[in-house]
Amino acid sequence: MNDETAEQPKGKKKAKDRDSWIERGVMIRAGFYIFGTHIVAGWVMLLFYLGQHK
């Protein structure tokens with residue numbers, strides 16, 4: 001056994017891995033929300049532009 005595994009209990013290591021997956025999921029979800037919001041806003045702006053120039 002190396003010193004690194006001896007210092008961390010198995011339960012704590014699993015909790016740390018779980019937290020990193022949760023954090024990664026939140027970042028991916030936030031990215032999709034931001035991207036989606038910009039797509040919808042761009043579509044609405046395009047509709048207003050086309051409506052003004054008809």
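Start at 1 with the first residue, then count along the sequence. Computed from a predicted structure; not experimentally measured.
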Residues joined to Leu47 in its hydrophobic cluster, side chain to side chain under 4.5 Å directly or through other members, sorted by chain and number, are Trp43, Leu46, Tyr49, Leu50

Which distance, rounded to the nearest 0.5 Å, do you find between the CG of Asp17 and the CH2 of Trp21? 9.5 Å

Output the distance between atom CD1 (Ile34) and atom NE2 (His38), rounded to the nearest 0.5 Å. 7.5 Å

